[in-house]
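Okay, so here's the structure we're looking at.
Any value given below was found using the heavy atoms of this structure, including those in side chains, with hydrogens, waters and symmetry copies removed. Quick note on labels: first sequence line is chain A, next is B, and so on, each numbered from 1.
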Number of protein chains: 2
Amino acid sequence: MLTHTAEDYLERIYMLSLRLERVKSSDIAKEFGIRTPSVISALKLLKEKGFVHYRKHGAVTLSEKGMERALDVYDRHKTTYRFLRFVLGVPDGIASADACGMEHSVSPETADAMKDFFSFIRLKKDAGVDIQGEFQKFRKEKPTVGKRARYSDTDSGTRRLSVVKDGIRCVILKLDGDREVKRRLLDMGVIPGETVEIRNRGPLGFPIEILIQGYVLTLRRDEAESVIVREA
Amino acid sequence: MLTHTAEDYLERIYMLSLRLERVKSSDIAKEFGIRTPSVISALKLLKEKGFVHYRKHGAVTLSEKGMERALDVYDRHKTTYRFLRFVLGVPDGIASADACGMEHSVSPETADAMKDFFSFIRLKKDAGVDIQGEFQKFRKEKPTVGKRARYSDTDSGTRRLSVVKDGIRCVILKLDGDREVKRRLLDMGVIPGETVEIRNRGPLGFPIEILIQGYVLTLRRDEAESVIVREA
DNA sequence: CTATAAAATTAGGCAGACCTAAAATAAGCC
DNA sequence: GGCTTATTTTAGGTCTGCCTAATTTTATAG
Ligand SMILES: [Mn+2]
Ligand SMILES: [Mn+2]
Ligand SMILES: [Mn+2]
Ligand SMILES: [Mn+2]
């Protein structure tokens, strides 16, 4: 495993090697805005681990292993950058900075999905459906989403969200049940204090579509059962 | 400024406080799978910086400042998670892990764009256009994108991409010109060794639409002028 | 080919984020 | 209330990633 910084060094050495025939430690320092001694010790670590070739006063080159990793990081960078910039319309400089941070956490699955989404959008565009353009228009017209709902102190019976009727506004009191289910609910923003309402449901009663914080989410029965609510 | 880890501590303390009335250092250690002494020293730092309240053998609580930051991180987590999961269709566990890494690098601009895209998709769905569903179908049908093109050693004249005719396949030799422009080109994957072809262009000759690595990108004149190519 | 300037490296330091082992404190039980 | 056990904290250590100051090596210019 490599740290984020180590990945950044490899990526940057690769980028520099595209335009310099000899990459020196000072070139790297300049790129990152840090001091050369910091670069030297980073290079020593990368060398020990077999990612770069480097001799005193010599040029830095990527080993085969290093090149592989550098290309991998760079691919995640590009993919993320393009996605932010051309799908979400994030401004250039911000997209670049975000991508260089996010690239270290993007799994292959996520990278693939972003690539595919990009192709998908392109395909739709060729078919006359400009998703990106429509999204930009949508953003211009509609301002931002509302703020976090506040806990409200009305009193009435507590129950599980799984037994609440459609269209009734409830306040989430707590979550119980399986650890994984709770984690997933928290990931989605289903947390105590929020207001929730069942908007729609599947033919068998589940899954249910809930409205929370202005979003619509889908919950399975077991998920709905872990949510303890009170009518608001 | 807080480190990624410090942000994670705040986020986790917040999450724990939703289901425990007293959050102890050992609870945090358990959540992160680390040892209590590590948590203690992290808490000391967070306390020094005014993000948590904490006394020996007492419970940890978030200060006002800490709560603000925790909610902020958690919001980026949720937003990223939902986006990965429900727009891109990344599997649950992976989306969760990726989100918890990416959340620290997501700018407010990116977070807003993700939220808006989510609403946009929901709006389209209500209007009968299921972007997410179509995307999933698209992914199932179309396998993955091809691999990186290799540098090819044919010889012929070198020129700038800005003067190349449409439909001619070229190999990128180098980039020159403004630092910012180069950075942007590298961000997009326009790098030496890649094959590129102009696919389409604006009414005034620019911007041009290029095909590179299976993607279509748009380049402005100044960008195209920085790309030195040779016909392949 | 030497003197001087520039670049690179070494030495030593500090902070964050983890660890283990030992000591202090709190909790539970007769 | 005192004894035993569990929890929490302290002490001290490692590794990464940055720094400044001093030294060594390389480049350049007369
Ligand atoms: Mn990076
Ligand atoms: Mn990057
Ligand atoms: Mn995180
Ligand atoms: Mn998180």
>> With a 4.0 Å cutoff (strictly under), does any side-chain N or O of Tyr9(A) reach OP1 or OP2 of dC18(D)?
In response: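 For Tyr9(A), the contact criterion (side-chain N or O under 4.0 Å from OP1 or OP2 of dC18(D)) is met.
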>> Taking only side-chain N and O atoms of Ser41(A), does any of them lie within less than 4.0 angstrom of OP1 or OP2 on dC18(D)?
In response: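 For dC18(D), OP1/OP2 do not have a side-chain N/O of Ser41(A) under 4.0 Å.
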> When you check the gap from the basic side-chain N to the acidic O, do Arg183(A) and Glu180(A) get nearer than 4.0 Å?
Replying inline: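 So Arg183(A) pairs with Glu180(A) through a salt bridge.
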>> Just to be sure I understand the geometry, which residues of residues 49-57 of chain B put a non-hydrogen atom under 4.0 Å away from DNA chain C?
In response: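 The stretch gives Lys49(B), His57(B) as the residues lying under 4.0 Å from the strand, ordered by number.
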> Under a 4.0 Å heavy-atom cut-off, which of residues 20-36 of chain B touch DNA chain C?
Replying inline: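 The stretch gives Ile34(B), Arg35(B) as the residues lying under 4.0 Å from the strand, ordered by number.
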>> Applying a 4.0 Å non-hydrogen cut-off, can you work out what Ser38(A) is touching in the nucleic acid: base, sugar-phosphate, or nothing?
In response: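 The answer is base, as Ser38(A) lies within the cut-off (heavy atoms under 4.0 Å) of a base atom.
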>> Once pairs are restricted to Watson-Crick or G-U wobble with both distances under 3.5 Å, how does DNA chain C read as a dot-bracket string, [ ] for crossings and | for other-strand pairs?
In response: ||||||||||||||||||||||||||||||
> With no hydrogens and no angle check, is any side-chain donor or acceptor of Ser17(B) less than 3.5 Å from a backbone partner on Tyr14(B)?
Replying inline: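 Checking the backbone N and O of Tyr14(B) against the side chain of Ser17(B), a donor-acceptor pair under 3.5 Å is found.
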>> Between Ser63(A) (side chain only) and Phe51(A) (backbone N and O only), is there a donor and an acceptor less than 3.5 Å apart?
In response: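 Such a contact is found between Ser63(A) side chain and Phe51(A) backbone.
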> For residues Tyr81(A) and Asp92(A), is any side-chain donor paired with an opposing acceptor at under 3.5 Å?
Replying inline: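 The criterion, which ignores hydrogens and geometry beyond distance, is satisfied for Asp92(A) and Tyr81(A).
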> Does any donor atom in the side chain of Asp98(B) or Thr110(A) lie under 3.5 Å from an acceptor atom in the other side chain?
Replying inline: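 Looking only at side-chain atoms, Thr110(A) and Asp98(B) do form a donor-acceptor pair, the distance falling under 3.5 Å.
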> Quick one: Leu43(B) CG to dT8(D) P, roughly how many Å, whole number?
Replying inline: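 Answer to the nearest Å: 12 Å.
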> Of the candidate nucleotides dT16(D), dA21(D), dT9(D), which contains the atom at the shortest distance from the side chain of Pro37(A)?
Replying inline: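 Closest of the options to the side chain of Pro37(A): dA21(D).
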Can you tell me how far the [atom1] atom of [X] sits from the [atom2] atom of [Y], to the nearest 0.5 Å?
{"X": "Leu16(A)", "Y": "Arg12(A)", "atom1": "CG", "atom2": "CZ", "result": "7.0 Å"}
{"X": "Phe118(B)", "Y": "Phe86(B)", "atom1": "CZ", "atom2": "CZ", "result": "6.0 Å"}
{"X": "Glu103(A)", "Y": "Ser105(B)", "atom1": "CD", "atom2": "OG", "result": "9.0 Å"}

> Of Ile94(A), Leu84(A), Leu88(A), which is the lone residue that meets side chain to side chain contact (heavy atoms under 4.5 Å, CB included) with Glu109(B)?
Replying inline: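 So, applying the side chain to side chain contact (heavy atoms under 4.5 Å, CB included) to Glu109(B) and each of Ile94(A), Leu84(A), Leu88(A), only Ile94(A) qualifies.
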> Can you name the one residue among Ile172(B), Ile228(B), Leu219(B), Val190(B) that meets side chain to side chain contact (heavy atoms under 4.5 Å, CB included) with Leu161(B)?
Replying inline: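 The residue from Ile172(B), Ile228(B), Leu219(B), Val190(B) that satisfies side chain to side chain contact (heavy atoms under 4.5 Å, CB included) with Leu161(B) turns out to be Leu219(B).
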>> Show me the pairs that pass ring pair (Phe, Tyr, Trp, His ring centres under 6.0 Å) and involve residues 20-43 of chain B, at least two apart or across chains.
In response: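 Only Tyr9(B)-Phe32(B) qualify under ring pair (Phe, Tyr, Trp, His ring centres under 6.0 Å).
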> Could you give all pairs that pass the side chain to side chain donor-acceptor pair (under 3.5 Å) test and reach residues 19-29 of chain A, with sequence neighbours left out?
Replying inline: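 Matches after skipping sequence neighbours: Arg19(A)-Glu31(A).
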>> Can you give me the first and the last nucleotide of DNA chain C (5' to 3') that has an atom within less than 4.0 angstrom of a non-hydrogen atom in chain B?
In response: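 Range of nucleotides touched by chain B: dG16(C) to dA26(C).
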> Which pair of heavy atoms, one from Leu217(A) and one from Met188(A), lies closest together, and at what distance?
Replying inline: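 Where Leu217(A) meets Met188(A) most closely, the heavy atoms are CD1-O, 3.7 Å.
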